[in-house]
Amino acid sequence: MAPTIGSPFRRTLALMASAAILAQAGTSGIAFAQATPETAAPGVAAPVPAAPAPTPPASAAPQQIPPLQGVVPNNGPASVADLAEGLLDAVVNISTSQNVKDDEGVGPAPRAPDGSPFQEFFNDFFNKKQDGRGPNHNVSSLGSGFVIDPTGYIVTNNHVIEGADDIEVNFANGSKLKAKLIGTDTKTDLSVLKVEPKTPLKAVKFGDSSEMRIGDWVMAIGNPFGFGGSVTVGIISGRGRNINAGPYDNFIQTDAAINKGNSGGPLFNMKGEVIGINTAIISPSGGSIGIGFSVPSELASGVVAQLREYGETRRGWLGVRIQPVTDDIADSLGLDTAKGALVAGVIKGGPVDDGSIKAGDVILKFDGKTVNEMRDLPRVVAESTVGKEVDVVVLRDGKEQTVKVKLGRLEDSDQAASGDAAPDGSQDGVITPDPDENNDLDQPDTGDQMQPVPGAPAPDQHQGQVSPDAATPKEVLGLSLSLLSPETRKVFGIAESVDGVVVTEVAPGSASAEKGLKPGDVIVEVAQEFMKSPGAVADKVKSLKQEGRRNAQLMIASANGDLRFVAVPME
């Protein structure tokens, strides 16, 4: 079944109105259709001749009737019958069954009043439980899929077969085969099945969805509402759609009719290549309203190949936490537009823990692919080969730099980060393997990133080196700032690994309050410069104003050390 995405608008019934051709009346008030069998297009019935006009008097000059303009007989759009005929055998219907045990302890069944003439029938109907246990029952579902290898490999959606005890594949010729699950990927909602056919199967191949343009014709084949072999045609309505279905959302949007049961079926280009896998629809009623979504082949083909080979996905891992580059942050960094992914932290022991990428960097390109927005980075990293050395273009200290990075492997698990927002509002993305590591992923191990060196004095011991004036509490950007001390650490529960200047109060209605800063936050950096004292923060903000900057970029640490970047207006 294609999952339905809820819609806020009311259900409506679209009424189709046929177009009417209005004939222009001549001077006599009578319209004539001028057509002959010789001028009619092949296969199109010739228009019925109009009734002859009355014979004018001999003295009157014959009236000239101009032909209708713009009426050109035609056969309609080009047929896709030949294309569909060659593909139907490769598209299959998938039925599943799952044995489900009724919940226990759901309460007593309703009973008819004593003495009622229907008491016996009523109680028998509801008396399904014996000894406190309910009977088992089967839950079935229907979906679609397609053959990618004549030996019996089949692609479908994960949600079509998820939790199934039995999977059966129904072919266009009426034959049925039991299927075995080879591998599944919940993040892209894709699964690979295997059947054992006696003869080679008709198969289709993946095309390149990156070559498709908005407006290109596409064709969907599937099993909507159980009607196997249904063909619909439409165009690509949009690309790169994010419907919050997973961390790698990059859906193709199409107006080709997709309904429940189309899930897992192919979306073809006009060459007969699979350029998408139909997955979801937006619908207030459960039926097609012309907004369907398909996983693009440029993403699916790599996942399917890995599932076939390994039975699992093996994705690249960069080992950073990221957050969006907002307009304010872009302005504070000197970027002309908001683009790229802002590195909020580096995972200790990860692939870039060597300092090649640092907190505060903005990743603009990864392995030659432009990172237009934050959500682009997890996808391009995940699609990269584990162990591959790639070039990464970052913005650091106002300048673009290219660094080389060797990717690790993302270990998928139930606890792997899936792009959900962290408590501090930042985004882990799927390039962070475990949200439990947030407590230490932002504790860098170099002097540039404020990681205390083992055996060195504790941060508070350095504060004696700060001048008395600099150590005096300051009011900056609506924030009351103080030195970190054992007392303030205890009051706000700030970890020993966190260093910087603590926020003790936030003025209500200030720009800092609107940006979500709160007492107990620690300002680690301002404009990528480490802050040791309240006076250093005040001086840096003053310097930024003199440079004509409108926003101050702050690196903020939460009490447990999680980092995020906030751009606070200075006006």
Side-chain angles (χ1 to χ4, degrees), residues 155 157-158 184-190 206-212 236 238-253 267 275-277 279-280 293-307 312-325 338-344 347 350-352 357 361-394 405-413 416-422 426-433 435:
V155 175
N157 280 143
N158 171 66
T184 192
D185 178 45
T186 58
K187 289 183 172 63
T188 55
D189 196 17
L190 296 176
F206 283 110
D208 187 356
S209 59
S210 66
E211 296 181 352
M212 302 299 293
I236 291 179
R239 293 188 49 173
R241 298 301 195 200
N242 179 13
I243 61 175
N244 296 316
Y248 309 125
D249 279 15
N250 188 31
F251 287 96
I252 294 172
Q253 179 186 333
L267 187 70
I275 51 90
I277 300 171
T279 298
F293 300 97
S294 301
V295 180
S297 62
E298 58 187 303
L299 172 61
S301 58
V303 172
V304 169
Q306 290 186 4
L307 293 178
E312 62 182 359
T313 53
R314 298 187 177 183
R315 293 188 167 98
W317 175 45
L318 192 57
V320 296
R321 290 179 62 220
I322 56 175
Q323 69 179 71
V325 177
K339 59 184 178 181
L342 179 61
V343 177
I347 294 179
V352 296
I357 292 180
D361 288 347
V362 177
I363 298 177
L364 302 175
K365 286 187 178 181
F366 182 89
D367 197 18
K369 301 175 182 176
T370 301
V371 180
N372 293 312
E373 54 183 315
M374 184 196 70
R375 71 186 185 94
D376 293 337
L377 184 62
R379 185 175 63 253
V380 297
V381 171
E383 292 173 356
S384 301
T385 305
V386 175
K388 181 180 180 181
E389 190 172 69
V390 300
D391 288 335
V392 181
V393 178
V394 300
V405 172
K406 186 175 182 180
L407 294 179
R409 179 185 173 189
L410 176 66
E411 300 291 344
D412 287 327
S413 67
S418 59
D420 297 331
S426 65
Q427 292 279 342
D428 285 296
V430 295
I431 48 180
T432 301

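Please read these numbers as outputs of a predicted model, since none were measured by experiment.
E312 is linked by a side-chain hydrogen bond (donor to acceptor under 3.5 Å, both in side chains) to R409, counting only residues two or more places apart in sequence or in another chain. Partners of T188 under the side chain to side chain contact (heavy atoms under 4.5 Å, CB included) rule, at least two apart in sequence or in another chain, are D185, L190, Y248, L299, V303, R315. For K339, the salt bridge (charged side-chain N to carboxylate O under 4.0 Å, His left out) partners two or more places apart in sequence, or in a different chain, are D336. Under the salt bridge (charged side-chain N to carboxylate O under 4.0 Å, His left out) criterion, K406 pairs with no residue, sequence neighbours left out. Applying the side-chain hydrogen bond (donor to acceptor under 3.5 Å, both in side chains) criterion to Q306, with sequence neighbours excluded, gives no partner residue. Every residue was checked against the side-chain hydrogen bond (donor to acceptor under 3.5 Å, both in side chains) condition with S384, not counting sequence neighbours, and none meets it. For the side chain to side chain contact (heavy atoms under 4.5 Å, CB included) test, residues two or more places apart in sequence or in another chain that qualify with P351 are W317. For the side-chain hydrogen bond (donor to acceptor under 3.5 Å, both in side chains) test, residues two or more places apart in sequence or in another chain that qualify with D391 are K404. Taking D208 as the reference, nothing meets the salt bridge (charged side-chain N to carboxylate O under 4.0 Å, His left out) condition, with sequence neighbours excluded.
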Give the C-alpha distance, both sets of side-chain angles, the deciding distance and a yes or no for side chain to side chain contact (heavy atoms under 4.5 Å, CB included) between I252 and I236.
CA-CA 7 Å; I252 294 172; I236 291 179; 4.1 Å; yes
Which pairs of donor and acceptor atoms, one on a side chain in residues 369-376, lie under 3.5 Å apart (sequence neighbours left out)?
residue : atom : partner : partner atom : Å
R375    : NH1  : D249    : O            : 2.8
R375    : NH2  : G240    : O            : 2.7
D376    : OD1  : R379    : NH2          : 3.3
D376    : OD2  : N372    : N            : 3.0
D376    : OD2  : E373    : N            : 3.1

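Here the side chain of S297 pairs a donor or acceptor atom with the backbone of G207 at under 3.5 angstrom.
Scanning all heavy atoms of the two residues, the minimum distance from P296 to S209 falls at CB-OG, 3.4 Å.
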